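The structure appears right after this line, and notes come after that.
Start at 1 with the first residue, then count along the sequence. The structure displayed is predicted, hence computed values, not measured ones.
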Amino acid sequence: MNCPEFLDLTHALAHSLALDPTPTKVAGVPSWFRQGFYGGLGLALLIGLFLIWLWQPERQVHRHTENFLRTIEKRDWTGVADFIGNDYQDQWGDDRARVLERMREILRYLRRIRIDATNAAVRVDNQHGYWSAKITIDGDQGEVTALVKERVNSLARPFELEWRRQSAKPWDWKLVRVSNASLEIP
C-alpha cells in the first residue's frame, strides 16, 4: 500500500493524535524522548496531587478512625495497639495498657461485632485531630451483646476520638484520648 493518498491520510491521522511519525530532533533531543519526559512529568504531577489530597490532616484522621474501628471488629489486637499512642489517657482513667485489656475482656464475649459510626465530623487543630460521631454496635445475639448494645447504642452524645500527629510524616497519627460524657464505666 504505497498509495500516496493512504500515506497522506496516515500522516494526517498521526498528527491529529499528536503522534509524530518522523523522528525529529530539537536541540539534539529525539521527539520520543520529549514525549516520554512530558508524559512521565504529567504522571508524577497526578500522583503528587493525589498524595496531597490523601494526606490532608482531616482525611487522615477520618481514615485512621475507620481503620481503627475495622481493626477492633477483626479483633486484631496487635493492629489495635499500633493505633493507640503511648500517652493515651481517657476520661475513665484508662491508659494504653488498660484500654487494650478492657477491649479484649469485653469483646471476647461478642460474636461478629460490627461498629457503625453515623454523622462523623472531623476537625483539626494544630497537631491534634478530633473525630466525633454517634457509634452503634451490633453483633450476634447474646446476653453480653444485648447489654453492650443497650448501653452504647442508647447514648445521646457522640463519641470523640482525639488523634495526635506524632511526626512530620502526614500519615503518622496516634489515638491519645476517647471520651463520651454520657457513658459511665465503673
| field | Any side-chain donor near an acceptor of the partner, His62 and Glu58, under 3.5 Å | value | no
| request: Mark yes when over 12 heavy atoms from residues, nucleotides or ligands other than Arg157 sit less than 6.0 Å from its CZ; otherwise mark no. | output: no
| request: Answer yes or no: is there an ion pair linking Glu73 with Arg70, defined by an N-O contact shorter than 4.0 Å? | output: yes
| field | By ring pair (Phe, Tyr, Trp, His ring centres under 6.0 Å) - contacts of Phe83 (at least two apart) | value | Phe68
| field | Common cluster, Trp163/Val176, ILVMFWY with side-chain heavy-atom separation under 4.5 Å | value | no
| Counting only N and O atoms by type, is there a donor-acceptor contact under 3.5 Å from the side chain of Asp90 to the main-chain atoms of Asp94? | yes
| note | Here the pair of heavy atoms bringing Gly79 nearest to Thr71 is C-CG2, 3.7 Å
| With no hydrogens and no angle check, is any side-chain donor or acceptor of Arg96 less than 3.5 Å from a backbone partner on Ile84? | yes
| remark: For Leu175 and Tyr88 the tightest heavy-atom approach is O-CD1, 3.8 Å
Let me have the donor-acceptor pairs involving side chains of residues 122-137, under 3.5 Å, with sequence neighbours excluded, atom names and distances please.
unit_1 : atom_1 : unit_2 : atom_2 : d
His128 : ND1    : Glu162 : OE2    : 2.8
Lys134 : NZ     : Asn153 : O      : 2.9
Lys134 : NZ     : Leu155 : O      : 3.0

| task | Show your reasoning for whether salt bridge (charged side-chain N to carboxylate O under 4.0 Å, His left out) applies to Arg104 and Glu101. | result | CA-CA 5 Å; Arg104 283 189 192 115; Glu101 179 185 325; over 6 Å; no
| Which residues pass the side-chain hydrogen bond (donor to acceptor under 3.5 Å, both in side chains) test with His64, sequence neighbours left out? | none
| Who passes side-chain contact (heavy atoms from CB on, under 4.5 Å) against Gln91, sequence neighbours left out? | Arg177, Ser179
| task | May I ask you to test the Arg63-Trp171 pair for a side-chain heavy-atom distance under 4.5 Å? | result | no
| query | Is a side-chain donor or acceptor of Gln89 paired with a backbone partner of Asp87 at a separation under 3.5 angstrom? | reply | no
Could you give the side-chain donor-acceptor pairs of residues 141-152 under 3.5 Å, partners two or more places apart or in another chain?
unit_1 : atom_1 : unit_2 : atom_2 : d
Thr145 : OG1    : Asp140 : O      : 3.1
Lys149 : NZ     : Asp138 : OD1    : 3.1
Arg151 : NH2    : Glu184 : O      : 2.1

Name every donor-acceptor pair, under 3.5 Å, that has one atom in a side chain of residues 43-56 and the other anywhere in the protein, sequence neighbours excluded.
unit_1 : atom_1 : unit_2 : atom_2 : d
Gln56  : OE1    : Arg59  : NH1    : 2.8

| said: For residues Trp32 and Phe37: do they belong to one hydrophobic cluster (side chain heavy atoms under 4.5 Å, members Ile, Leu, Val, Met, Phe, Trp, Tyr)? | reply: no
| Validation row: Leu183, Trp92 side chains within 4.5 angstrom (heavy atoms) | yes
| said: I'd like to know if Arg102 pairs up with Glu105 as an ion pair, taking the criterion as any Lys NZ or Arg NE/NH1/NH2 lying under 4.0 Å from an Asp or Glu carboxylate oxygen. | reply: no
| Asn180 versus Glu160: any side-chain heavy-atom pair under 4.5 Å? | no
